[in-house]
Amino acid sequence: MYKFLEQIVSDYMTRDVTTVPPAMSIRELGQRFKQTDFNSFPVVDNGQVVGVVSKFDYLACFEFTPARMVPRYDDLMRRTVASVMTREFIYASRDTKLTRVLQLMIEHRLRSLPILDADSRLDGVIAREDVIRALEHCAQCEAEET
């Protein structure tokens, strides 16, 4: 698997990425998750990634405990993505080695990472499936060489 050690994000990332705005309602976010079956979306405001919102963040809106009263359903659904998104998130750049991406995914149990340029603008996304594809491609290339 030596070939995999040389691989970088730009060779395997998805460039056409679905994003959501911070002002989107939780109701709309739920519909977007249902339509796409994605696990998370980069949150983009004025061209810059300001956070990531996941299905976990969405579901956390509905958690309640004896210490936390649950608002009415309609009130919950009017909340915005900005109120539930993760503002501090892990990301990579186009030239990040896939070995580093794999390490981050395993260490933080991530399904995907946004790819940002130097100006914090979204360049793409790298998902677990992309890393698996890279591993399979490298294994196939090495098998053909022997």
Side-chain angles (χ1 to χ4, degrees), residues 1-63 70-146:
M1 295 302 309
Y2 293 110
K3 186 172 179 69
F4 181 75
L5 299 175
E6 303 166 2
Q7 302 306 301
I8 59 173
V9 165
S10 63
D11 294 331
Y12 294 94
M13 70 184 200
T14 301
R15 288 171 174 75
D16 185 25
V17 180
T18 303
T19 64
V20 297
M24 176 181 272
S25 72
I26 295 302
R27 181 181 313 274
E28 293 170 301
L29 179 64
Q31 291 168 349
R32 186 72 55 93
F33 279 130
K34 187 176 177 181
Q35 292 166 346
T36 63
D37 197 36
F38 293 159
N39 188 61
S40 64
F41 296 105
V43 182
V44 176
D45 189 25
N46 293 322
Q48 290 197 311
V49 179
V50 295
V52 173
V53 66
S54 68
K55 284 182 179 175
F56 183 81
D57 297 322
Y58 173 79
L59 290 172
C61 292
F62 303 97
E63 177 190 32
V70 177
R72 290 187 4 240
Y73 182 76
D74 285 338
D75 292 340
L76 278 174
M77 298 318 279
R78 280 194 292 272
R79 289 178 67 186
T80 63
V81 165
S83 70
V84 300
M85 71 184 189
T86 302
R87 294 177 188 279
E88 293 182 21
F89 56 93
I90 298 169
Y91 62 92
S93 64
R94 296 172 71 83
D95 60 349
T96 302
K97 297 274 189 189
L98 285 186
T99 52
R100 177 66 176 143
V101 169
L102 180 58
Q103 177 189 14
L104 289 168
M105 286 178 167
I106 291 169
E107 188 176 318
H108 298 281
R109 302 188 65 80
L110 300 170
R111 293 181 179 214
S112 63
L113 291 165
I115 308 305
L116 305 184
D117 67 13
D119 297 321
S120 296
R121 296 195 182 281
L122 189 64
D123 235 356
V125 167
I126 188 98
R128 288 188 299 198
E129 292 80 11
D130 300 321
V131 176
I132 290 169
R133 184 168 41 92
L135 283 164
E136 290 171 347
H137 173 77
C138 292
Q140 182 180 10
C141 288
E142 288 182 12
E144 291 171 0
E145 289 175 4
T146 57

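Just so it is clear, the structure is predicted and the values come from calculations on it, not from any experiment. One-based numbering along the sequence shown.
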Does any part of the side chain of [Y], heavy atoms only, come nearer than 4.5 Å to the side chain of [X], both counted from C-beta?
| X | Y | result |
| --- | --- | --- |
| Pro42 | Val125 | yes |
| Ser54 | Asp57 | yes |
| Ser25 | Arg79 | no |
| Leu29 | Val53 | yes |
| Ile115 | Leu122 | no |
| Leu113 | Val101 | yes |
| Ile26 | Val84 | yes |
| Tyr12 | Leu98 | yes |

Quick one: side-chain hydrogen bond (donor to acceptor under 3.5 Å, both in side chains) partners of [X], sequence neighbours excluded?
| X | answer |
| --- | --- |
| Arg111 | none |
| Glu6 | none |
| Arg78 | Asp75 |
| Tyr91 | none |

All pairs passing ring pair (Phe, Tyr, Trp, His ring centres under 6.0 Å) where residues 96-119 contributes a residue, at least two apart: none
Quick one: [atom1] on [X] to [atom2] on [Y], what's the gap to the nearest 0.5 Å?
| X | Y | atom1 | atom2 | answer |
| --- | --- | --- | --- | --- |
| Arg27 | Thr80 | CZ | OG1 | 14.0 Å |
| Lys34 | Tyr58 | NZ | OH | 9.5 Å |
| Ile126 | Leu110 | CD1 | CG | 12.5 Å |

Sequence neighbours excluded, which residues qualify as side-chain contact (heavy atoms from CB on, under 4.5 Å) partners of [X]?
| X | result |
| --- | --- |
| Leu102 | Phe4, Ile106, Val131 |
| Ser120 | Gln48 |
| Asn46 | none |
| Phe38 | Thr18, Thr36, Phe41 |

May I have all residue pairs that pass salt bridge (charged side-chain N to carboxylate O under 4.0 Å, His left out) and include part of residues 45-56, sequence neighbours excluded? Asp37-Lys55
Would you mind listing every salt bridge (charged side-chain N to carboxylate O under 4.0 Å, His left out) that reaches into residues 92-107, with sequence neighbours excluded? Arg94-Asp123
Residues that Arg133 engages under salt bridge (Lys or Arg N to Asp or Glu O under 4.0 Å), provided they are two or more places apart: Asp130
Of all heavy-atom pairs between [X] and [Y], which one has the smallest distance, and what is that distance?
| X | Y | result |
| --- | --- | --- |
| Ser112 | Met105 | CA-CE, 4.0 Å |
| Gln7 | Cys138 | CG-SG, 3.6 Å |
| Arg87 | Met85 | NH1-CE, 3.0 Å |
| Pro21 | Val43 | C-CG1, 4.0 Å |
| Pro22 | Val44 | CD-O, 3.4 Å |

Verify side-chain contact (heavy atoms from CB on, under 4.5 Å) between Phe89 and Leu116, making sure each step is shown before the conclusion. CA-CA 11 Å; Phe89 56 93; Leu116 305 184; 4.1 Å; yes
Sidechain-backbone polar pair: Asp117 side chain, Asp119 backbone, donor-acceptor under 3.5 Å: yes
